[in-house]
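Predicted, not measured: the structure shown is a model, and the values here were computed from it.
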Amino acid sequence: MAVSETQLMLSVGLIEKDMNGDTLWVWCYPSVSTELREVLLRKCCLTSDSAVLHAFVFGQYCRTWYYVSTVDVQEPTVLKKVTHFSIVITAKDFNPEKYAAFSRVLCRMYIKHGNPVKMMEGYIAVLTKGICQSDENGSFLIKDYDVRKAYLAGSIKDVVSQFGMETIILYTALMLKKRIVIYHPRVEALLEFTRALPALTWHRKDWSILHPYVHLEDRELENLRMCTGYVAGFVDPEVTNRSDLFEVFVNLPDSEITISQHAKEAMAMGKLHKEIGHFIVQSAEDNDRTDVQVIKDISMKTKEILSNLVSLAKEGEDAKLTLEALKQRHFPPATENFLFHLAAAEQLLKI
């Protein structure tokens, strides 16, 4: 396991802010492209004028996950001219807890030695042995961090507690692979909320749709537009006016979900949605059920819908569903519409 797990890491980098207030990318191993460096400098919070420090943020850009831990340097330290620094790890996998733990160890090493070489040694140790041990800086063991735990770390119960029956809008948008944009001025709130959403479509186990921390910047938006469906988080309130970026917009501080005008037809709600919505709310509001059980409940419901869809498709040519075959079943319009778009999302539709 250690071998395949360790091959997921791509690089480790260091960004420093000095006494003059200048923020510089000072070191990395083995390498990071110029384009990705620009993105990471923007994410690390040391380049912004705000006094707010984000201890840990994560996200993805061009299919590379990044994890950034930022430290306020306190006296006494060997880092004489540095006021703050960020350790940046890039990787192929989504696992915030794993990389937060590893970067904490690397941060302690850098504070103690003030030398990136020590960090590189720690990084190589994890890369080759899956473990980084040091008495004074703590140890890190890669096999302690199962990816399933990362997938289950978000809370669906919290999502339902905030949005109630409107959670069905999020479920439908995810099932149909629509573009969901979430706004909150605090990045920590965005990271917590967005990471939970892919669990609503557990059958796909696809966290690559997650872009939890995006800036309204051309390159980042271009990267986003290349995805068919996504869950994207923004801290800039200006995103409210960017209906070109979403079918569903979530204003997190105000607990409001809006379906954009151009998506109204595909997202039309009917009796089936109401049933599913009630089911999700009932499961999530049961105090005896854990988040994992709620995800299981929703997943069973989803499997039921999908197996019905597959059985309808089997009646068609090449086990694909046609609109004609769907119309013959005389479903209510909203159900027919949903099943048609769902068949397209699940690649069961005959074009």
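Rounding to the nearest 0.5 Å gives a distance of 12.0 Å between CD1 of Ile156 and OG1 of Thr290. One distance of note links CD1 of Ile298 with NE2 of His203; it measures 12.5 Å at 0.5 Å rounding. Atoms CG and CG, on Asp218 and Asn223 in that order, are 12.5 Å from each other to the nearest 0.5 Å. Within the model, atoms NZ of Lys296 and CG of Leu152 stand 9.5 Å from one another, a figure rounded to the nearest 0.5 Å. Here Cys28 contributes atom SG and Leu14 contributes atom CG; the two are 10.0 Å apart, rounded to the nearest 0.5 Å. Rounding to the nearest 0.5 angstrom, the gap separating the CG atom in Asn95 from the CE atom in Met9 is 12.0 Å.
A 6.0 Å sphere centred on CD of Gln282 holds no more than 12 heavy atoms belonging to other residues, nucleotides or ligands. By the 6.0 Å contact criterion, CE on Met19 is enclosed, its count of non-hydrogen atoms from other residues, nucleotides or ligands being greater than 12. Atom NZ of Lys80 is surrounded by more than 12 heavy atoms from other residues, nucleotides or ligands within 6.0 Å. Around the NZ atom of Lys112, the shell of radius 6.0 Å holds no more than 12 heavy atoms that belong to other residues, nucleotides or ligands. Around CE of Met165, the count of heavy atoms belonging to other residues, nucleotides or ligands within 6.0 Å exceeds 12.
For the pair Lys320/Leu349, no side-chain contact is recorded, criterion being any heavy-atom separation below 4.5 Å from C-beta on. In this structure the side chain of His113 never reaches within 4.5 angstrom of the side chain of Val78, judged on heavy atoms. In this structure the side chain of Arg204 reaches within 4.5 angstrom of the side chain of Thr201, judged on heavy atoms. At least one side-chain heavy atom of Thr90 sits less than 4.5 Å from a side-chain heavy atom of Leu36. Inter-residue side-chain proximity for Thr172 and Met175 is flagged as unmet; no heavy-atom pair is nearer than 4.5 Å. A heavy-atom distance below 4.5 Å is not found between the side chains of Tyr67 and Ile87. Under the 4.5 Å side-chain criterion, counting only non-hydrogen atoms from C-beta, Tyr61 is not in contact with Leu40. A 4.5 Å side-chain heavy-atom check between His184 and Val235 finds every atom pair outside the cut-off.
A donor-acceptor pair is defined here as one N or O able to donate and one able to accept, closer than 3.5 Å; no such pair exists between the side chain of Ser69 and the backbone of Arg104. Judged by distance alone, with hydrogens and angles left aside, the side-chain atoms of Thr128 form a donor-acceptor pair with the main-chain N or O of Ile124 at under 3.5 Å. Judged by distance alone, the side chain of Thr23 and the main-chain N or O of Leu46 form a donor-acceptor pair under 3.5 Å. With hydrogens and angles disregarded, a donor-acceptor distance shorter than 3.5 Å links the side chain of Arg179 to the backbone of Asp244. A donor-acceptor pair is defined here as one N or O able to donate and one able to accept, closer than 3.5 Å; such a pair exists between the side chain of Gln60 and the backbone of Leu210. No donor-acceptor pair closer than 3.5 Å links the side chain of Ser283 to the backbone N or O of Ile280. Ser103 places a side-chain N or O within 3.5 Å of a backbone atom of Tyr99 that can act as its donor or acceptor partner.
With respect to Lys301 and Glu304, a salt bridge is recorded, a charged nitrogen being found less than 4.0 Å from a carboxylate O. Comment: Glu97 engages Arg195 in a salt bridge, judged by a side-chain N to carboxylate O separation of less than 4.0 angstrom. No salt bridge links Asp22 with Lys17; every basic N to acidic carboxylate O contact stays at or beyond 4.0 Å. Using a 4.0 Å cut-off between charged nitrogen and carboxylate oxygen, Arg219 and Glu222 do not count as a salt-bridge pair. Between Asp146 and Lys98, none of the side-chain N atoms (NZ, or NE/NH1/NH2) sits under 4.0 Å from a carboxylate O, so this pair counts as no salt bridge. Using a 4.0 Å cut-off between charged nitrogen and carboxylate oxygen, Lys81 and Glu16 do not count as a salt-bridge pair.
Val181 and Leu176 are assigned to two separate hydrophobic clusters, defined by single-linkage of ILVMFWY side chains at heavy-atom distances under 4.5 Å. There is a path of hydrophobic side-chain contacts, each under 4.5 Å, that joins Phe340 to Leu309.
For Ser155 against Asp291, the heavy-atom pair with the smallest separation is OG-OD2, 3.0 Å. Listed here is the closest heavy atom pair of Ala268 and His273: O-CE1, 3.4 Å. What you find for Cys107 and Val71 is that their closest heavy atoms are SG-CG2, 3.6 Å.
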Item to complete: Would you please test Cys62 and Met226 for side-chain contact (heavy atoms from CB on, under 4.5 Å) and show each step?
Response: CA-CA 9 Å; Cys62 290; Met226 288 160 73; over 6 Å; no
Discussion item. Run the side-chain hydrogen bond (donor to acceptor under 3.5 Å, both in side chains) test on Thr302 and Tyr171 for me, step by step, so that the C-alpha distance in whole Å, both residues' side-chain angles and the decisive distance to 0.1 Å come before the verdict.
Written reply: CA-CA 10 Å; Thr302 302; Tyr171 174 83; 2.8 Å; yes
Discussion item. Please determine whether side-chain hydrogen bond (donor to acceptor under 3.5 Å, both in side chains) holds for the pair Ser260 and Glu247, giving the CA-CA distance in whole Å, both sets of side-chain angles, and the decisive distance to 0.1 Å.
Written reply: CA-CA 5 Å; Ser260 68; Glu247 276 82 46; 5.6 Å; no
Discussion item. Show, in sequence, the C-alpha distance, side-chain angles and deciding distance for Val32 and Val88, and conclude whether the side-chain contact (heavy atoms from CB on, under 4.5 Å) test is met.
Written reply: CA-CA 10 Å; Val32 171; Val88 184; over 6 Å; no
Worksheet item: Going through the distances and angles, do Asp236 and His215 end up as a side-chain contact (heavy atoms from CB on, under 4.5 Å)?
Response: CA-CA 7 Å; Asp236 187 343; His215 281 80; over 6 Å; no
Item to complete: Under the side-chain contact (heavy atoms from CB on, under 4.5 Å) rule, what do Lys178 and Leu174 come out as? Steps first, then yes or no, please.
Response: CA-CA 6 Å; Lys178 297 297 181 190; Leu174 286 156; over 6 Å; no
Worksheet item: What's the verdict on salt bridge (Lys or Arg N to Asp or Glu O under 4.0 Å) for Arg186 and Glu192, showing C-alpha distance, side-chain angles and the deciding distance?
Response: CA-CA 10 Å; Arg186 276 183 54 249; Glu192 192 182 333; over 6 Å; no
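Using bins of under 30°, 30° to 60° and over 60° for the plane-to-plane angle, the ring pair Phe85/Tyr110 lands in the perpendicular bin. Using the six-membered ring where Trp is involved, Phe58 and Phe94 have ring planes that are perpendicular, over 60° apart on the 30 and 60° scheme. Taking the six-membered ring where the residue is Trp, Tyr123 and Tyr29 present perpendicular rings, their angle passing 60° and hence far from 30°. Between Tyr151 and Trp202, the angle of the ring planes goes over 60°, which puts this pair in the perpendicular group of the 30/60° scheme. Ring-plane geometry between His211 and Tyr230 is classed as perpendicular, the angle between the planes exceeding 60 degrees on a 0 to 90 degree scale with a lower cut at 30.
In this structure, the ring of Phe246 has its center less than 6.0 angstrom from the ring center of Phe249. A centroid separation of 6.0 Å or more is found between the aromatic rings of Tyr183 and Phe234.
By the side chain to side chain contact (heavy atoms under 4.5 Å, CB included) test, Val57 is found to be paired with His54, Val68, Val187, Leu191, Tyr213, residues two or more places apart in sequence or in another chain being considered.
Residue Ile182 forms a side chain to side chain contact (heavy atoms under 4.5 Å, CB included) with just one option from Val239, Leu197, Asn251, Leu170, and that option is Leu197.
Residue pairs meeting the salt bridge (charged side-chain N to carboxylate O under 4.0 Å, His left out) criterion with at least one member in residues 248-272, sequence neighbours excluded: Lys271-Glu275.
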